Amino acid sequence: MTTPGSTTTAKVRKDLAAGFDVAKARQDFPILREKVQGKPLVYFDNAATSQKPQVVIDTVHEFLATYNSNIHRGVHQLSERGTEAYEQSRKKVQRFINAAESREVIFVRGTTEAINLVANSYGRQHIRAGDEIVISAMEHHSNIVPWQILCEQTGAVLRVMPISDAGEMLIDKYEKLLTSRTRLVAVVHVSNALGTINPVHEIIRLARRQGVPVLVDGAQAVPHLKVDVHELDCDFYAFSGHKVFGPTGIGVLYGKAELLEAMPPYQGGGDMIKSVSFEKTVYNDLPYKFEAGTPHIAGVIGLGAAIDYVNGVGLDRIATYEHGLLEYATEALSAIPSIRIIGTAEEKVSLISFVLDGVHAHDVGTILDHDGVAIRAGHHCTMPLMQRFGVPATARASLAFYNTKEEIDVLVRAIHKAIEMFG
Ligand code: 7TS
């Protein structure tokens with residue numbers, strides 16, 4: 001790729017002018033120096049999982065190599081250091097999403113577990129037969145199935161907000177779904193299959209008017225946008241560490257303290273108790289009440305390093321740069337005659353889902369892989385959304401701030417190859 005100072009192109013100069021040096025950012029990610037099929041890796045599967053900067057890799061390594069220990073229980077040096085680093089990460093997350101208190105940050109395995117926690121704990125406590133839960137037509141399975149399980153168990157009913165052909169939530173239809181029976185709204189902030197940035201602020205405001213709590217699935221939002229749970233005034237916010245340049249197996253459930261306080265534990269075991277006898281167990285305070293057993297300590301510490309890293313780059317700069325990538329990619333892909341872009345909302349992150357006439361998404365993925373281009377092909381765990389658009393699957397290129405316009409050119413050339421072979 002082009003590096004500043006060598007063959008600096010006009011495009012790179014523009015990016016630098018925007019205050020973001022992509023060549024420098026790329027140096028932070030060792031995997032971007034890898035070759036795939038003998039070609040430089042073009043990693044466009046960031047919505048599935050993003051790549052890790054060296055500092056995250058080093059931070060996890062340092063923990064495992066020099067102070068690996070269990071937390072919250074040892075009196076020895078290593079355990080104290082581990083506990084300190086673990087709790088520092090909680091504070092980093094708190095500041096990152098602007099939560100009022102660090103005890104509102106619960107470490108879980110990922111977005112999926114965060115939503116299941118709310119469904120199992122808050123849901124079983126508050127939701128009864130005939131009650132309604134509102135989701136949208138563009139939810140990831142992890143924000144559909146936990147609510148369906150809850151509905152099966154309680155006799156509650158799932159209601160689905162429809163979306164437009166562009167892939168935007170229909171807010172007027174949503175307003176009509178909010179009734180005296182609505183007990184919870186659970187919506188995705190940014191769609192993983194369309195890229196749509198949803199008006200969650202408005203969705204929350206309308207629900208709040210009726211006293212209905214709102215859970216936001218932020219899995220695809222936190223790597224691209226500045227998220228402020230205080231400003232959003234959401235009740236729950238879920239995200240995964242591995243999509244925001246941190247390790248897999250770690251994620252966050254943010255919840256308002258008063259809600260979390262009143263909720264029963266999700267899992268029982270060590271660390272989530274104050275005292276246990278066979279007659280009575282007294283549960284621990286927040287956040288520990290929801291963190292039973294030994295947590296993913298290395299993951300939490302690694303997530304803290306990822307957040308420091310993202311803050312260092314700056315989410316504003318990330319969003320500006322990625323917007324340029326989105327515009328460039330949208331224009332380049334739209335010029336391909338047999339392409340249909342699925343998801344053409346006004347507000348989008350740098351993600352493009354598409355189908356090609358007569359070429360199955362999986363074949364597109366395979367041909368692209370031969371050129372070192374990693375995309376995802378399939379239903380993206382959004383089968384009802386695929387049905388909504390009348391397609392079995394899409395090919396999806398999801399870009400991060402370390403991607404470049406030159407890489408988009410490689411993608412376009414590879415798509416032309418796929419059309420020649422299959423189209
Ligand atoms: N919600 C959204 C919007 C997602 O995109 C994903 C994962 C999840 C929830 C679940 O996150 P997890 O970390 O608990 O698995 N999305 C994708 C994807 O688009 N491709 O692979 C995983």
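Keep in mind the model is a prediction, meaning the values are calculated, not measured.
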Test item: Glu104 and Gln94 side chains (from C-beta on) under 4.5 Å apart, heavy atoms: no
Report yes if the side chains of Leu215 and Cys234 come closer than 4.5 Å at any heavy-atom pair, otherwise no. no
Exceeds 12 heavy-atom contacts within 6.0 angstrom, atom CZ of Arg109: no
Would you give the length of the straight line joining atom CZ of Phe422 to atom CG of Asp357, rounded to the nearest 0.5 angstrom? 15.0 Å
If you measure from the Lys or Arg side-chain nitrogens to the Asp or Glu carboxylate oxygens, is any gap between Glu420 and Lys417 under 4.0 Å? no
Under a 3.5 Å distance rule, please check whether Thr404 uses its side chain to pair with a backbone N or O of Glu407 as donor and acceptor. yes
Could you tell me if Lys226 sits above the aromatic ring of Phe96, with its cationic atom closer than 6.0 Å to the ring centre and no more than 45 degrees from the axis? yes
Which residues pass the salt bridge (charged side-chain N to carboxylate O under 4.0 Å, His left out) test with Glu84, sequence neighbours left out? none
For Asn70 and Thr294, does a side-chain donor sit closer than 3.5 Å to a side-chain acceptor? yes
Non-hydrogen atoms of Ile318 and Pro223 that approach each other most closely: CG2-O, 4.0 Å
Would Lys256 and Glu258 satisfy salt bridge (charged side-chain N to carboxylate O under 4.0 Å, His left out), going step by step from the backbone distance to the final call? CA-CA 6 Å; Lys256 281 188 177 162; Glu258 59 185 280; over 6 Å; no
Is there a donor in the side chain of Thr394 and an acceptor in the side chain of Ser353, or the other way round, less than 3.5 Å apart? yes
Closest heavy-atom pair and its distance - Pro295, Ile71: CG-CD1, 3.7 Å
Do you see a donor-acceptor pair shorter than 3.5 Å between the side chains of His201 and Glu231? yes
CD/Glu261: more than 12 non-hydrogen atoms of other groups inside 6.0 Å: yes
Without hydrogens or angle criteria, can the side chains of Thr49 and His242 be said to hold a donor-acceptor pair below 3.5 Å? yes
If you measure from CG on Leu177 to CD1 on Ile135, what distance do you get to the nearest 0.5 Å? 10.5 Å
Between Ser164 and Ala166, is there a donor-acceptor pair closer than 3.5 Å when you use the side chain of the first and the backbone of the second? yes
What ring pair (Phe, Tyr, Trp, His ring centres under 6.0 Å) pairs are there with at least one residue in residues 334-360, not counting sequence neighbours? His360-His362
Which residue pairs satisfy the salt bridge (charged side-chain N to carboxylate O under 4.0 Å, His left out) criterion with at least one member in residues 113-139, sequence neighbours excluded? Asp131-Arg183, Glu132-Arg159, Glu132-Arg181
Quick one: closest heavy-atom pair of Val244 and Ala306, and the distance? O-CB, 3.6 Å
Tell me, which pairs form a salt bridge (charged side-chain N to carboxylate O under 4.0 Å, His left out) where one or both residues lie in residues 192-213, sequence neighbours left out? Glu175-Arg209, Glu202-Arg205, Arg208-Asp233, Arg208-Asp235
Thr196 side chain to Gly167 main-chain N or O, any donor-acceptor pair under 3.5 Å? yes
Would you say the ring centroid of Tyr283 lies under 6.0 angstrom from that of Phe290? no
Side-chain H-bond candidate by donor/acceptor type, Asp371 with Gln37, under 3.5 Å: no
Under 6.0 Å between ring centres, would you say that holds for His141 and His379? yes
For the residue pair His189 and Phe239, is the inter-centroid distance of their aromatic rings smaller than 6.0 Å? no
May I ask you to check whether Phe401 and Tyr321 place their ring centres under 6.0 Å from each other? no
I'd like to know whether Val190 forms a side chain to side chain contact (heavy atoms under 4.5 Å, CB included) with Val188, so could you lay out the CA-CA distance, the side-chain angles of the two residues, the decisive distance to 0.1 Å, and finally the verdict. CA-CA 6 Å; Val190 169; Val188 68; 5.7 Å; no
Flag, side chain of Thr83 to backbone of His72, donor-acceptor distance under 3.5 Å: yes
Is the backbone N or O of His323 less than 3.5 Å from a side-chain atom of Lys348, with the two atoms forming a donor-acceptor pair by type? no
Can you confirm whether more than 12 heavy atoms, excluding those of His230, are under 6.0 Å from its NE2 atom? no
Contact check, side chains of Val185 and Val187, non-hydrogen atoms, under 4.5 Å: yes
Strictly distance-based, threshold 3.5 Å: is any side-chain N or O of His140 a donor or acceptor partner for the main-chain N or O of Asn143? no
Please check this pair: side chain of Thr111 against backbone of Ser240, looking for a donor-acceptor N/O pair closer than 3.5 Å. yes
Less than 4.5 Å apart, side chain to side chain, heavy atoms only: is that true for Leu225 and Ile197? yes
Is a side-chain donor or acceptor of Lys243 paired with a backbone partner of Ser50 at a separation under 3.5 angstrom? no
Tested for side-chain contact (heavy atoms from CB on, under 4.5 Å) against Phe44, the lone hit among Val410, Leu399, Ile352 is Leu399
Tyr402 and Phe29 aromatic ring geometry - parallel, tilted or perpendicular at 30°/60° bounds: tilted
Pairing of Glu291 and Arg90 as salt bridge, 4.0 angstrom limit: yes
Is the shortest side-chain heavy-atom distance between Ile273 and Val282 below 4.5 Å? no
Just verifying a value: how many Å separate Leu194 CG and Arg396 CZ, rounded to the nearest 0.5 Å? 10.5 Å
Met383 side chain reached by Ile144 side chain, heavy atoms, under 4.5 Å: no
If we only count heavy atoms from C-beta on, is the Arg340 to Val391 side-chain gap below 4.5 Å? yes
Test item: Arg388 and Ile163 side chains (from C-beta on) under 4.5 Å apart, heavy atoms: yes
Test ring-ring contact (aromatic ring centres under 6.0 Å, His included) applied to Phe236 - qualifying residues, sequence neighbours left out: Tyr122
If you look only at pairs with a residue in residues 294-312, which of them pass as a salt bridge (charged side-chain N to carboxylate O under 4.0 Å, His left out), with sequence neighbours excluded? Lys92-Asp308
Heavy-atom donor-acceptor pair, Lys35 side chain to Leu41 backbone, under 3.5 Å: no
Under 3.5 Å, is there a donor-acceptor pair linking the side chains of Asn403 and Tyr43? no
State whether the side chain of Thr59 and the backbone N or O of Ala305 hold a donor-acceptor pair below 3.5 Å, judged by distance alone. no
